[in-house]
Protein chains: 2
Amino acid sequence: MPHNHEELLKHVSADMPSDELLQDLGDLFKVFGDTTRIKIMYALYEDEMCVCAIADLLKMTQSAISHQLKVLKAANLVASRREGKTIYYRLADEHVKSIIGQGYEHITE
Amino acid sequence: MPHNHEELLKHVSADMPSDELLQDLGDLFKVFGDTTRIKIMYALYEDEMCVCAIADLLKMTQSAISHQLKVLKAANLVASRREGKTIYYRLADEHVKSIIGQGYEHITE
DNA sequence: TCAACATATGAACGATTGCTCATATGTTCA
DNA sequence: TGAACATATGAGCAATCGTTCATATGTTGA
């Protein structure tokens, strides 16, 4: 007979967040899971930037950057403001820095 | 003439980590970017668990869990020990909890 | 109002990902 | 040693992802 985990499972599943929240968590981290988006967030670490400056910095097309900014914005990781023709993006809150910071610590150990 | 960001770019790119590190960061977060793996990490939050207990808990096949544990282990997010036929997995370090914790805070605001 | 600029968006395509299925490896006990 | 159990692994397939290309939207100044 395969071994029995009934007790353990009862305990652990009681402490598990809802499937919906776990799905949202995965979706959030998926946004961090791409080098281009990580670079964009790092670029915005200190100051806001317009789309074409980010494109110049990363040597990528304006379109590619724009698509990724949309993803970042949908996840509430960046915010933007318009100034004439230009749109400036900035990090939306401190979580971005602390999440990246923790990741940084993990890989540089 | 499109507008000029030379000064800004010089400053920002000086503060950017290496491409290799940014790639590693993206790869790390990619591992967090899947609901199954998030669930596994949550299951291990309090205590170690064997593979079949995790499979039972998540109602998934042993094979699927085993594949994902391999990904988690390659990223140094979980560690394992053998006890007879059974292999117990546990979280590898505190970064897992703090990264998930920061993500949790971000989405529950 | 129209040309130039800045950004956004939709379709399409190649690459990556997560699961399943079949099977292999490793361990215990009779 | 061989049957039963626990886990790992490789191939294959559908689904998702990130980019490009073409084009649309929005803003300014002449």
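Proteins come first, then strands; the chains are lettered A, B, ... in the order of their sequence lines, and each starts at number 1.
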Considering only heavy side-chain atoms of A/Lys85, the closest of C/dC19, C/dA6, C/dT7 is C/dA6

Taken to the nearest whole Å, CG/B/Leu72 to C1'/C/dT17 is 14 Å

Between CD of A/Gln62 and P of C/dT9 the distance, given in whole Å, is 11 Å

Computed from five pairs at either end and rounded to 10 degrees, the angle between the axes of the helix from C/dT1-D/dA30 to C/dA30-D/dT1 is 20°

Strictly below 4.0 Å: does B/Tyr89 bring a side-chain N or O up to OP1 or OP2 of D/dA6? no

Do the side-chain N or O atoms of B/Arg82 get closer than 4.0 angstrom to the phosphate oxygens (OP1, OP2) of C/dG26? no

B/Ile65 atom CD1 is separated from D/dT9 atom P, nearest whole Å, by 15 Å

Ranking D/dT7, C/dA8, D/dT19 by distance to the side chain of A/Met60, first place goes to D/dT19

At less than 4.0 Å, is any side-chain N or O atom of B/Gln68 found next to OP1 or OP2 of C/dC19? Yes or no. yes

inquiry  = Within the 3.5 Å criterion, strictly below it, is a donor on B/His106 or A/Asp93 matched to an acceptor on the partner's side chain?
reply    = yes

Between the CD1 atom in A/Ile107 and the NE2 atom in B/His95, the distance rounded to the nearest 0.5 Å is 10.5 Å

Give every donor-acceptor pair under 3.5 Å between a side-chain atom in residues 66-75 of chain A and any protein atom, sequence neighbours left out.
from, atom 1, to, atom 2, distance (Å)
A/Gln68, OE1, A/Arg37, NH1, 2.9
A/Lys73, NZ, A/Ser80, OG, 2.6

Picking from C/dT20, D/dT7, C/dA6, the nucleotide nearest the side-chain atoms of B/Cys52 would be D/dT7

### A/Arg81 (side chain) donor-acceptor with A/Glu83 (main chain) under 3.5 angstrom
no

Taking only nitrogen or oxygen atoms into account, show me every contact under 3.5 Å that the protein makes with nucleotides 10-13 of chain D, one pair per line with its distance.
from, atom 1, to, atom 2, distance (Å)
D/dG10, O6, B/His67, NE2, 2.7

A/His5 atom NE2 is separated from D/dA6 atom P, nearest whole Å, by 7 Å

In whole angstroms, the gap separating P of D/dC5 from CD of B/Glu83 amounts to 19 Å

Atom OH of A/Tyr88 and atom C1' of D/dT27 are separated, to the nearest Å, by 14 Å

| task | Determine: side-chain N/O of A/Ser66 to OP1/OP2 of C/dT7, distance under 4.0 Å, yes or no. | result | no

Using only atom types and a distance under 3.5 Å, with no angle test, would you say the side chain of A/Lys97 pairs donor to acceptor with the backbone of A/Tyr45? yes

Between CD1 of A/Ile87 and C1' of D/dT28 the distance, given in whole Å, is 14 Å

Margin query: Is B/Arg37 close enough to C/dG18 that one of its side-chain N or O atoms is under 4.0 Å from OP1 or OP2 there?
Written below: yes

From the list A/Asp15, A/Leu25, A/Val12, side-chain contact (heavy atoms from CB on, under 4.5 Å) partner of B/Tyr42 resolves to A/Leu25

Whole-Å distance, B/Glu48 CD to D/dT7 C1', equals 16 Å

Notebook entry, point to check: Can any side-chain N or O of B/Ser98 pair as donor or acceptor with the backbone N or O of B/Glu94 at less than 3.5 Å?
Noted result: yes

